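Single-structure report; data block below.
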Number of protein chains: 2
Amino acid sequence: MADDDVVDADAALVAGQKPPSHTERLNRERVVDAALTHIDEQGLAGLSMRRLGSTLGVEAMALYRHVAGKEELLDAVVEHLMASMWRDEEITQEPVHGWQDFLQRLAHGVRRVALAHPKAFPLVASRPTEAPWLRPPLRSLDWVEVFLRGLTEEGFTDEAAVAAYRAFTSFLLGHLLLEVSLRGADVGPLDVLEPADDDASLDGFPLVRRLRPGLSEDRASVEFEESLESLLDRLTLVRTEHLER
Amino acid sequence: MADDDVVDADAALVAGQKPPSHTERLNRERVVDAALTHIDEQGLAGLSMRRLGSTLGVEAMALYRHVAGKEELLDAVVEHLMASMWRDEEITQEPVHGWQDFLQRLAHGVRRVALAHPKAFPLVASRPTEAPWLRPPLRSLDWVEVFLRGLTEEGFTDEAAVAAYRAFTSFLLGHLLLEVSLRGADVGPLDVLEPADDDASLDGFPLVRRLRPGLSEDRASVEFEESLESLLDRLTLVRTEHLER
DNA sequence: GCCCTACGTTTACAACGTAAACATCCCGCT
DNA sequence: AGCGGGATGTTTACGTTGTAAACGTAGGGC
């Protein structure tokens, strides 16, 4: 990305635009981008205005010309994350083959975002939404509109579409939060205690001890797929129930 | 609870024990309890060691004799929350009528805890578990053992019980996090702007505008019930599939 | 060429988590 | 009963945080 900046600067020069006085000027987008990569690399707790400023070669207070404060910055990161899904041509480009295909693509799109930014995704779940009837992770008006359009165009009644929104968001939140908490967890001090990890006196817990290998397996992908399939089955029922009424 | 303290002190006097020098002595339980009620009342962000100390009539540093630090205190609050479910006689007392009854009681028990402490419950979801194969909200060895025992005793194979654990935790996390974020949200400045809440230019979002009444309804309870029912149906399949194999 | 405005810096303050040294009180021992 | 020592709470202090306010400064429109 540092290379990108250099390239961009050169291109700007060739195009006859302003040569950067010292480095490229700050703007809201650069601040938000830097915040996201900082969270990706150092974790949410490692983000402070001062540190973020210094990675941008700038004093902390400079950031306040572009974001209103830390809270608003975090909201902007969330917005940026969900907005990045618009560039996902599998969702916005390809024609849709039925509502099940549509929900599959949406679900996988959100999952891609979550897995690309495991340390940042919890923000999508925990920041308050701008209206109480918006639910993470589909928390922007744009995505809710897309969601409702996708379903009502495919024969869902209004009530069924709303019910589907609720079920879909609950599903995504539960699965993705658990998955990113696995993948985003900082690998411990890399202790050699790995082999001795069944030591810690699982003596009172015979079933846990016996099933620990199974519990430790990474089944996140198939678990997601199967639960999604099951949800779609349920929504099939919801849809036809509301139609017959 | 302040009354309780007085009563306890009097009882202690009658029983011939130490009269409290000034107020009751501090101990870990009082600290954790106070932290929980502080979070319930002021929200997680409003909790600081100094403020918590002063509600206990004590200097901030006194807390460090009883908890190792703020992080450990939050972990203790989470532990306390989930441990409080043991006193739920509907879970631990009554005999179980089949695994579906068992899971229903467990689910409702966790939900009761979540709804009783909407501001604190997100901690149950966000604090790291002590092992990567433990998943919120059933994140203690005790509860996982109970869970696995309840299912294996009812004819689940080891693999099916593990699959059920994954599905059950995802379900609870998604639904309860969304529900408490509704009920725990600080009611805004109580603006009179309530009636004008469809104002904010929903013009680009016709479907959202049309379905907003439906989206605003509080369907949390029936949504929970229906999703739980659907999950139990799915687990019925999982169970018999693994048996036939 | 000059000025205004947008941008970045400096300085400052209150609040935070917590380490270290200190005071104090209570309990068990002889 | 007296005393010694460990447990408990306080004081002081340090570094870090978010951010308000005043200040410089540089660059583009007239």
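Given the structure is predicted, the values throughout are model-derived calculations rather than measurements. Note that these values count all heavy atoms, side chains included, but never hydrogens, waters or copies made by symmetry. To find a chain, count down the sequence lines: A is the first, B the second, and so on, and within it residues start at 1.
D:dG9 atom P lies 10 Å from atom CD of B:Glu24, rounded to whole Å. For A:Leu73 and D:dT17, the CG to P distance is 15 Å, given to the nearest whole Å. Look at CE on B:Met49: it is 14 Å from P on D:dT10, rounded to the nearest Å. Put simply, CD on B:Glu72 is 15 Å from P on C:dG17, counting in whole angstrom units. In this structure, CZ of A:Arg51 is placed 16 Å from P of D:dG15, rounded to the nearest angstrom. Atom NZ in B:Lys70 sits about 11 Å away from atom C1' in C:dA15, given to the nearest Å. Atom-to-atom, CG of A:Leu52 to P of D:dT19 comes out at 13 Å; the value is rounded to the nearest Å. The CD atom of A:Glu71 sits 7 Å away from the P atom of D:dT19 (whole-angstrom rounding).
Among residue pairs with one or both ends in residues 44-59 of chain A, none qualify as salt bridge (Lys or Arg N to Asp or Glu O under 4.0 Å); sequence neighbours excluded.
Nearest to the side chain of B:Arg25, among C:dC26, C:dT18, D:dG18, sits C:dC26.
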All N/O pairs under 3.5 Å across the protein-nucleotides 9-12 of chain C interface:
from: C:dT9; atom 1: OP2; to: A:Glu59; atom 2: N; distance (Å): 2.6

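Looking at residues two or more places apart in sequence or on another chain, you find no salt bridge (Lys or Arg N to Asp or Glu O under 4.0 Å) involving A:Glu79. With sequence neighbours left out, the ring pair (Phe, Tyr, Trp, His ring centres under 6.0 Å) criterion links A:Tyr64 to no other residue. Listed by chain and number, the residues in a salt bridge (Lys or Arg N to Asp or Glu O under 4.0 Å) with B:Arg166 amount to none (sequence neighbours excluded). Looking at residues two or more places apart in sequence or on another chain, you find a salt bridge (Lys or Arg N to Asp or Glu O under 4.0 Å) between A:Glu71 and A:Arg127.
Considering only side-chain N and O atoms, B:His66 lies under 4.0 angstrom from the phosphate OP1 or OP2 of D:dG9.
A:Asp75 has no carboxylate O lying under 4.0 Å from a charged side-chain N of A:Arg139, or vice versa, which leaves the two without a salt bridge.
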